[in-house]
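Heavy atoms only: backbone and side chains are in, while hydrogens, waters and symmetry mates are out. In what follows, chains carry the letters A, B, and so on, assigned in the order in which the sequence lines appear, proteins first and then strands, with residues in each chain numbered from 1.
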Protein chains: 4
Amino acid sequence: MRAYRIEQYGGLDGLVLRDLPPPSAPGPGQALVRMRAASLNFRELLILAGQYQAMGKDMPIPCSDGAGEVVAVGEGCSRVSVGERVILTFYSHWLSGEMPAGGDILGRGGSVDGTLCEYTCVDENELVRAPDHLSFEEAATLPCAALTAWSALTAGGGLLPGQSVLVQGGGGVSVFALQLAKLFGARVLALSSSAERLERLRELGADELIDYVRHPEWHQEVLARTDGAGVDLTVEVGGGATVERSVQATRVGGRISLVGLLTGGPGLSEAFFYRGLSLHCIRVGSRDQLEQMCRAITLHGLRPVIDRVFGFDEARLAFEQLKQGRHLGKLVIAID
Amino acid sequence: MRAYRIEQYGGLDGLVLRDLPPPSAPGPGQALVRMRAASLNFRELLILAGQYQAMGKDMPIPCSDGAGEVVAVGEGCSRVSVGERVILTFYSHWLSGEMPAGGDILGRGGSVDGTLCEYTCVDENELVRAPDHLSFEEAATLPCAALTAWSALTAGGGLLPGQSVLVQGGGGVSVFALQLAKLFGARVLALSSSAERLERLRELGADELIDYVRHPEWHQEVLARTDGAGVDLTVEVGGGATVERSVQATRVGGRISLVGLLTGGPGLSEAFFYRGLSLHCIRVGSRDQLEQMCRAITLHGLRPVIDRVFGFDEARLAFEQLKQGRHLGKLVIAID
Amino acid sequence: MRAYRIEQYGGLDGLVLRDLPPPSAPGPGQALVRMRAASLNFRELLILAGQYQAMGKDMPIPCSDGAGEVVAVGEGCSRVSVGERVILTFYSHWLSGEMPAGGDILGRGGSVDGTLCEYTCVDENELVRAPDHLSFEEAATLPCAALTAWSALTAGGGLLPGQSVLVQGGGGVSVFALQLAKLFGARVLALSSSAERLERLRELGADELIDYVRHPEWHQEVLARTDGAGVDLTVEVGGGATVERSVQATRVGGRISLVGLLTGGPGLSEAFFYRGLSLHCIRVGSRDQLEQMCRAITLHGLRPVIDRVFGFDEARLAFEQLKQGRHLGKLVIAID
Amino acid sequence: MRAYRIEQYGGLDGLVLRDLPPPSAPGPGQALVRMRAASLNFRELLILAGQYQAMGKDMPIPCSDGAGEVVAVGEGCSRVSVGERVILTFYSHWLSGEMPAGGDILGRGGSVDGTLCEYTCVDENELVRAPDHLSFEEAATLPCAALTAWSALTAGGGLLPGQSVLVQGGGGVSVFALQLAKLFGARVLALSSSAERLERLRELGADELIDYVRHPEWHQEVLARTDGAGVDLTVEVGGGATVERSVQATRVGGRISLVGLLTGGPGLSEAFFYRGLSLHCIRVGSRDQLEQMCRAITLHGLRPVIDRVFGFDEARLAFEQLKQGRHLGKLVIAID
């Protein structure tokens with residue numbers, strides 16, 4: 001089968017397309033999936049760069065997110081059947097409840113082989129039915145990016161209708177956080193860097209738009225639009241360079257969900273303490289949470305925002321675009 | 001001032017319109033409110049019938065729910081100011097956190113004087129700003145009926161988008177439960193007794209409609225429309241005569257919020273146990289929860305469903321209609 | 001191997017000792033366990049009586065609770081190793097998070113073969129390490145009875161030091177509830193039927209003792225010993241005949257954990273509603289909760305209370321004693 | 001009456017003993033308290049230094065913590081009566097539920113007058129009955145230090161028996177955290193700087209002792225004593241200089257409660273993210289939480305650890321000792 005593999009660390013040159021032996025027939029409780037689409041997340045760049053080299057599988061197939069079709073099942077399978085359209089969970093070992101302790105920090109595409117290939121064979125417990133109204137390309141965006149956004153909204157105590165959420169920029173998680181927060185009945189304040197991108201976010205449901213280029217002190221704008229109080233929840237993607245403004249933009253006793261560290265560790269000032277905040281690190285989520293989110297996505301007919309779909313041969317181009325960070329929503333690779 | 005008072009227990013004849021001395025000027029921390037509307041709840045009939053005679057104030061002014069305008073404030077008031085449009089909390093002593101123990105089971109209109117009068121003087125902590133987009137008549141419906149519905153949705157662990165809620169009939173709490181559940185992004189299954197009433201519920205957002213006259217075994221219909229699983233949450237208004245079907249209609253591990261006992265105590269069978277349910281009694285809610293709900297109502301521009309507005313002189317007629325139980329939504333008395 | 005089997009329903013005569021073929025070698029992810037002790041729960045009598053005949057496995061080996069030693073492991077096992085002392089989970093399919101929906105209501109000894117046999121072969125995920133300080137007989141009491149008590153204490157929001165818990169009688173779950181509630185720092189009020197039994201409960205840590213024969217209106221005693229307020233949590237074992245007194249004995253806004261229905265469905269009066277209680281049905285618990293409880297038991301060196309240990313040949317006698325209900329704590333069958 | 005007052009900011013010279021007019025008679029709902037003891041917290045030094053000068057009352061009487069006796073009550077008081085022994089809440093406006101938004105960040109002794117005086121007049125809602133078994137000196141230590149520790153243990157989801165807690169040093173909050181964590185049935189690992197101090201912590205119940213002078217890489221010791229996993233909860237008092245080791249010492253998915261910033265803002269590295277932790281800032285707690293904690297302290301007869309009791313004239317000496325930070329437990333000033 002055709003599959004990409006990380007054959008050396010340090011950059012995009014390490015990503016190589018190979019003709020690998022397909023997985024053997026599914027064993028008891030396993031299912032064989034013909035992959036139809038994979039979706040990219042920023043973490044893939046860190047894995048390619050070798051940042052987690054010591055932790056992961058040697059020369060893994062990259063990408064955590066993907067969707068496909070079950071083509072064979074092993075003995076005793078009851079969750080899935082041949083012909084079913086499925087997505088794969090980010091972590092192969094986290095089905096319900098709290099994240100298990102232990103080694104797997106990288107998930108699919110790091111600790112185990114990922115989705116950028118024609119076939120994969122997994123335990124049926126790692127599969128979730130894809131929402132019917134979504135294409136394979138759309139469904140492929142859910143396992144990491146959408147679920148991270150869902151977990152960011154629910155961490156530390158739920159989100160009520162009428163509460164306010166701050167989302168930052170137009171990356172995959174931020175756009176999902178916006179769309180999903182609207183399903184919770186929340187008010188969404190969105191930051192971005194241009195009128196054009198903000199207009200897209202408005203169309204997706206953002207209630208308040210803040211151009212952080214025009215307003216480098218954007219936390220002041222957040223306060224101004226929340227009666228001086230700050231938002232109930234901030235979905236923080238930046239880390240080091242932004243978290244302090246996020247602290248200022250979050251109400252006393254509010255929450256920050258930390259979903260990424262684009263700019264390093266979240267150094268916090270004393271204001272974090274005096275505002276009585278809590279900070280929750282979001283580690284994607286469990287299989288059960290993925291199913292729960294899919295129910296919401298199905299009921300509301302939510303459609304993931306895809307910036308561009310690449311052909312299977314264009315994986316390198318896709319990763320280059322990911323690196324440039326100018327997309328809005330998700331980058332997807334079709335696997336035909 | 002003109003005010004209704006319960007002067008004897010046993011029925012509607014006990015409700016008398018009097019010319020009472022107005023409240024004296026507001027003391028420290030108090031506010032004087034010119035009432036503009038009062039709204040009726042089923043419990044008022046129980047109070048009038050004398051069911052709680054031993055627990056309450058002697059000859060109280062009836063009605064827990066009301067809205068009006070602040071006309072004077074006492075020394076040190078900071079929450080409200082003259083001219084502000086306000087609603088009154090159901091319990092005068094429950095501001096935040098858990099319901100305090102102790103005597104007040106009846107709330108406003110039972111333990112203390114209610115809202116069916118021209119003026120009332122209360123601690124400013126018992127007042128919440130009325131949502132701007134609502135008339136006094138609409139705002140008057142929120143303190144008991146709407147907040148009970150809100151608490152029913154949030155009791156025992158929150159409600160996620162995509163989860164399903166069963167509401168029963170077209171009474172005030174059930175209609176609010178429907179409308180509010182839509183703000184949470186939930187799927188709503190509604191029971192009612194006629195095609196016409198069900199059509200109204202559909203217009204208000206119900207996703208599934210079940211005519212319980214045509215389907216006396218309505219729990220079977222609920223199961224059929226939830227892939228055999230049952231709903232995540234049932235908002236139970238009936239008590240004795242309905243709770244067993246509610247148990248059957250609720251998914252394994254799901255929740256029932258008990259908001260009323262129209263037909264007696266909730267006798268439960270063994271099925272309740274084997275389905276692993278939890279049952280939560282809803283006691284309206286706190287002042288902070290009322291404010292939280294008002295934020296949601298304001299953001300979404302939700303409008304309470306009013307069946308009919310009566311003149312201040314028509315209170316008896318209003319209570320008669322309440323007794324007949326054919327209204328959909330709320331009955332309100334204007335106080336001009 | 002020697003094993004008991006339920007060969008007909010209706011009573012103790014249905015329980016037959018047979019020489020059955022031992023399980024085959026453990027498959028991938030499985031472990032073969034040499035059972036050393038099984039422990040009895042009241043539910044076994046209901047299963048024997050045929051109350052759940054339609055739901056369960058045909059002619060199962062009885063008993064959910066047991067402890068033994070791993071004697072062989074299949075390919076890929078990582079949780080357990082040969083020689084390890086283990087206990088079995090009550091449900092084979094509930095590892096973490098919420099109880100999964102679906103068919104298995106009976107758990108081990110009903111839906112799948114139980115522990116009253118010499119060998120059993122299970123998925124390694126169904127095994128939990130037995131606390132080191134416990135004998136096999138003691139460890140065998142944990143999976144159902146102790147975990148039910150643990151779940152009863154934690155359901156619906158945790159138990160804080162200084163809060164009060166009411167336990168009823170000297171059955172297995174009640175005695176564990178007493179012992180475990182003391183680990184939570186709670187104050188325990190215990191009901192029983194004789195001075196002698198109450199004295200045993202006092203030795204186990206009960207703070208307040210109430211003889212329900214002398215005080216048939218025992219809820220009044222509970223109120224008297226809680227400043228008139230009632231306990232924070234009642235662990236209800238009786239169902240129909242006792243739940244109403246439990247309602248009266250529980251504080252406004254408090255919780256009742258329903259762990260058994262010795263006397264039928266929990267018919268509730270209006271007082272349940274006016275006291276604003278919540279009622280939680282306890283369905284044993286997950287594998288992760290069992291591990292969590294074992295950590296607590298290990299740290300505190302808690303020892304289960306065993307009324308009597310029977311020989312493997314004395315199973316019928318053990319079940320007769322279970323039926324009489326005069327034991328205090330657990331009845332255990334050694335498997336030598 | 002004799003009272004200390006902060007008459008200038010910058011250091012201990014600003015603390016002056018004066019003869020001030022006593023409070024006037026208690027108004028409606030108020031109580032007059034004859035103070036009998038005040039207790040010191042590290043934050044008093046920051047207030048004296050002028051760090052919060054802009055936020056607080058001008059020239060306040062210092063100290064948040066204190067105990068005394070009610071000597072007069074105003075009209076309508078029902079919570080307290082003359083002769084009752086009471087403690088004062090840290091925040092005058094936070095009774096239940098979540099911390100209210102708004103200005104009061106400093107609490108008693110900063111935003112309003114504190115406890116280092118002979119008489120104070122407060123709303124009766126700000127008073128909590130002192131546990132009977134405690135002297136005034138002991139009871140005076142509860143409002144800030146003990147409640148902060150209690151909140152640190154319960155923040156973000158409760159603490160179960162058998163879970164592990166890391167406490168740092170012998171300051172007031174850390175010692176209370178140790179003592180209270182034992183009431184929760186937790187296992188406590190304690191850090192300190194000398195064998196002698198560690199021995200005291202062992203006597204108070206610490207299960208594991210780590211000398212951080214001998215083990216500057218103390219997080220390694222914590223890991224070694226928790227099977228490599230780390231503790232479930234760390235009560236962090238240091239901030240900047242210690243939080244990174246705390247991150248390493250806390251299990252994947254665990255919690256850090258931040259109760260102080262002795263060494264600056266909590267700069268966090270990426271490890272915080274990859275371990276999936278949550279970080280909760282602790283802002284003392286509500287009146288209801290204080291009562292809840294007092295129930296636990298009363299049931300268990302817990303005695304606060306007092307390092308030294310000073311006479312009312314020795315306040316300056318007491319503050320000097322506080323500054324030196326060599327005490328273990330609390331410093332108290334008697335008010336005779």
*Tabulate, in ascending numerical order, the residues of residues 274-286 of chain C having at least one heavy atom closer than 4.5 Å to a heavy atom of chain B, or enter 'none'.*
Tyr274(C), Gly276(C), Leu277(C), Ser278(C), Leu279(C), His280(C), Cys281(C), Ile282(C), Arg283(C)
*Residue by residue, which of residues 223-235 of chain B have a heavy atom closer than 4.5 Å to a heavy atom belonging to chain C?*
none
_Closest contact, heavy atoms only, Phe273(B) versus Leu258(C)_ = CE1-O, 3.2 Å
*Contacting moiety of Val259(B), where chain C heavy atoms sit under 4.5 Å*: backbone
_Can you pull out every side chain to side chain donor-acceptor pair (under 3.5 Å) where at least one residue sits in residues 144-153 of chain C? Sequence neighbours excluded, please._
none
*Give me the contact list for residues 247-255 of chain C versus chain B, heavy atoms only, anything under 4.5 Å, ordered by residue number.*
Arg251(C), Val252(C), Gly253(C)
*Within a radius of less than 6.0 Å around CD of Glu98(B), do more than 12 heavy atoms belonging to other residues, nucleotides or ligands occur?*
no
